[in-house]
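Heads up: the structure comes next, in C-alpha cells.
Please read these numbers as outputs of a predicted model, since none were measured by experiment. In the text below, chain A, chain B and the rest are named by the order of the sequence lines, each starting its count at 1.
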Protein chains: 2
Amino acid sequence: MNLQISIQPNLKLALRDPEASTLGRKIIREGIVLMCNLGYEQFTFKKLAESIDSTEASIYRYFENKHRLLLYFLTWYWNYVEYQCTVSLHNLNDPEIKIRKIIEILTGGLPNWADTTGIDKSALQDIVIAESSKAYLTKEVDAINSQQLFKPYKDLCHHIATVFAEYNPAYPYPHSLASTLMEAAQFQPYFMEHLPALTDFKGEQRNKTAVAGYLENLVFAALRK
Amino acid sequence: MNLQISIQPNLKLALRDPEASTLGRKIIREGIVLMCNLGYEQFTFKKLAESIDSTEASIYRYFENKHRLLLYFLTWYWNYVEYQCTVSLHNLNDPEIKIRKIIEILTGGLPNWADTTGIDKSALQDIVIAESSKAYLTKEVDAINSQQLFKPYKDLCHHIATVFAEYNPAYPYPHSLASTLMEAAQFQPYFMEHLPALTDFKGEQRNKTAVAGYLENLVFAALRK
DNA sequence: CAAATTTGAAAGTAATACTATGATAACATA
DNA sequence: TATGTTATCATAGTATTACTTTCAAATTTG
C-alpha cells in the first residue's frame, strides 16, 4: 500500500498552484533549501531564480512576494504537523500519552517517513524555527489574518488545546499554554544552539530530547489537577 | 531628592554616544516613536531623518544600520527592566513575592515614574513586543552575540533564573523557564491583540493583568516543590 | 494542428541601504 | 577674539532589492 498524502497550503497564498508545474515545484523545493541557507532577509527571488535557472519574473508569477512564499512554507509545515498529530493520536485514548506524542512531534523534527514529496523537511524545520515569527510580527498581521492565512497554525493550536482540556477540563488557559508550547518548541532549540545562556541544555546534550523533557515537565505541571 | 538614573546601552552598539548630543537624543526619541508606528520593516533612516529634519548621512554617523538601532532600543529596555527588578526586589525576602513582582514588571508596561529621559516607554514596549525576535532571529546572531550585545537580555534571564532557583533549588530548568517567561510575556499580549485564537483572553479582558495571571499560574506550577 | 497558456529574456522603475565629499555651523581652546 | 576641531548639512552617487512590463519562444491543451 502506498499512502499518498498531499499537503496543500491555502491557495490564496500563491498566485497559481506551484505543485501543478515543474517550475512551481522547483520554486518550493529549491526555495526551502535556499531560504534555510541564506535566512529570510538575505533570500531574494533573484537568487532563487539563478539557483533554479529561471527568472525573477517567472517566480513572481507564482508568489506576490517572499513573505507570501514564507507563509506558504510555514503553512505546509503546520499542515504536515497537524496531519502527523491526527495520525499519531488516532488510536490513543489516554490524553497523557497524547500530550507526550504531541511534544515529541513538535520537537522531534519531521520523520521523512513515506516521503514522496521531495521536500527537505530538515531545511523546512530550520526555516520554521528561525523565521516563523516573521510571518506574524509584521504590520500586515491583521490583513493576513483576515484572509485566514494563519488558519493552520490556529487550528493546530486549538487541536492541542483540546487535548489539554481532555487531560484537565478545569485548566483555564489551554490555548495560551498550547501557543506557548508551540513557540517554546521553536525557540528553545534555537537558544540552545545560538544563545545557550538562555537555556539549561549543556553542550553535550544538544539534542531535541532535552528540550522535550523540559516541555513535558512544564506542560504537565501546568495541567496538574 | 531627584534620582537621576541613566540607562546606557553598550557603547559598541552606536558609533558615537547618542545621549551626548541634541541630534543623537532626537534620533533615539523620534526613532522609537517612528519605529513603533511604521514597524521595523517599513522604518528607514531616510524617513527618520525627515521626521527630525536632519539627513540620512547624519544618522549613519550614529548607527551603522537600523538593526543596530533596534538593538540599542532593546538594550535600553532590558537594562531598564533589570534596573526596575533590582529596585523592586531589593527589600524582599520571599522568593514567591519576588516572582510575582517580576511577572508584574514583565507584563505591566513600564511606569513612567521618575522619568526625565523623554523616552516614550509605551512606544518602546510596543517595539519590544513586535520586534524583539528580529534582533536575534538573523544569520548574524552568533557574530552579534560574540560582541556581548545580548548581554542585558541574558543577564535579566539569569537574574530571573536565580530567583526561580531560590524558590525551588531542585527545579532543573530555571533558565529555560525564565526565557520562556520572557518570550511569553511579549507574545501573549501580541496574540491577544492580533491572533486571539492563540490565547484564552477574551475581548473585554484585553488587559495585561489577564496575561500576568496565566504566567503566574504557569511559573508556580512549573516550580512547585 | 491551432489556440491558449506558460516561461524566458530583457529592460525599466522606485525605493532601500548605504558611502563619499565639500561646505557650513557650532564649539572649544589659546 | 581668533583658530582649529568636530558635528552637521546638503548633495550626489552606487549597488541591491522588490518589484512591473513587454514581447517572443516554448509548451501544453483542446
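Listed nucleotides D:dT8, D:dC9, C:dT7 differ in distance to A:Leu23; the shortest reach to its side chain belongs to C:dT7. Taking only side-chain atoms of B:Arg61, from C-beta outward, the nucleotide of C:dT21, C:dT7, C:dC18 with the closest atom is C:dT21. Here the side chain of B:Glu56 is nearest to one of D:dT8, C:dA17, C:dA20, namely C:dA17. You'll find that the side chain of A:Asn65 is closest to D:dC19, out of D:dA18, C:dA17, D:dC19. Across C:dC18, C:dT16, D:dT8, the shortest atom-to-atom separation from the side chain of B:Lys47 is found for C:dT16.
For A:Ser58 and C:dG8, the shortest distance from a side-chain N or O to OP1 or OP2 is below 4.0 Å. In this model, the phosphate group of C:dA17 is not approached by any side-chain N or O of B:Lys46 to a distance below 4.0 Å at OP1 or OP2. Contact annotation: B:Ser21 reaches the phosphate of D:dT8 (side-chain N/O to OP1 or OP2, under 4.0 Å). For D:dT21, the OP1/OP2 oxygens have no side-chain nitrogen or oxygen of A:Tyr60 closer than 4.0 Å. Applying the 4.0 Å criterion to OP1 and OP2 of C:dG8, one finds that A:Ser54 has a side-chain N or O inside that range.
A donor and an acceptor atom, one from each side chain of A:Gln186 and A:Ser132, are nowhere located under 3.5 Å apart. There is no side-chain donor-acceptor pair under 3.5 Å between A:Tyr173 and B:Thr199.
Distance CD (A:Glu50) to P (D:dA18): 14 Å, rounded to an integer number of Å. As a whole-Å value, the separation of B:Leu38 CG from C:dA15 C1' is 14 Å. Regarding A:Ile59, its CD1 atom lies at a distance of 14 Å from the P atom of D:dT20, rounded to whole Å. To the nearest angstrom, C1' of D:dT17 lies 13 Å from CD of A:Glu41. As a whole-Å value, the separation of A:Arg16 CZ from C:dT5 C1' is 8 Å. Between the CZ atom of B:Phe63 and the P atom of C:dC18 there is a distance of 14 Å, rounded to whole Å. One atom, CG of B:Leu48, and another, C1' of D:dT8, lie 15 Å apart when rounded to the nearest Å. Taking atom NE2 of residue A:His67 and atom P of nucleotide D:dT17, one finds them 18 Å apart after rounding to whole Å.
Along DNA chain D, the nucleotide nearest A:Ala57 and the nucleotide nearest A:Phe45 are compared for position; the residue whose nucleotide lies closer to the 5' end is A:Phe45.
Considering only residues two or more places apart in sequence or on other chains, A:Thr138 meets the side-chain hydrogen bond (donor to acceptor under 3.5 Å, both in side chains) condition with none of them.
Taking the C1' atoms of five terminal pairs at each end of the helix from C:dC1-D:dG30 to C:dA30-D:dT1, the two resulting helix axes are inclined by 20°, rounded to 10°.
Counting heavy atoms from C-beta on, the side chains of B:His194 and A:Val141 come closer than 4.5 Å. Looking at heavy atoms from C-beta onward, B:Tyr77 lies out of side-chain contact with B:Pro152 at the 4.5 angstrom threshold. In this structure the side chain of B:Phe187 reaches within 4.5 angstrom of the side chain of A:Phe187, judged on heavy atoms.
Below the 3.5 angstrom threshold, one finds no donor paired with an acceptor across the side chain of B:Glu64 and the base of C:dC18.
Here A:Trp76 and A:Tyr72 keep their ring centres 6.0 angstrom or further from each other. Separation of the A:Tyr136 and B:Phe191 ring centroids falls under the 6.0 Å cut-off.
As judged by a 4.0 angstrom heavy-atom cut-off over every strand, B:Tyr62 is placed among residues touching the sugar-phosphate backbone only.
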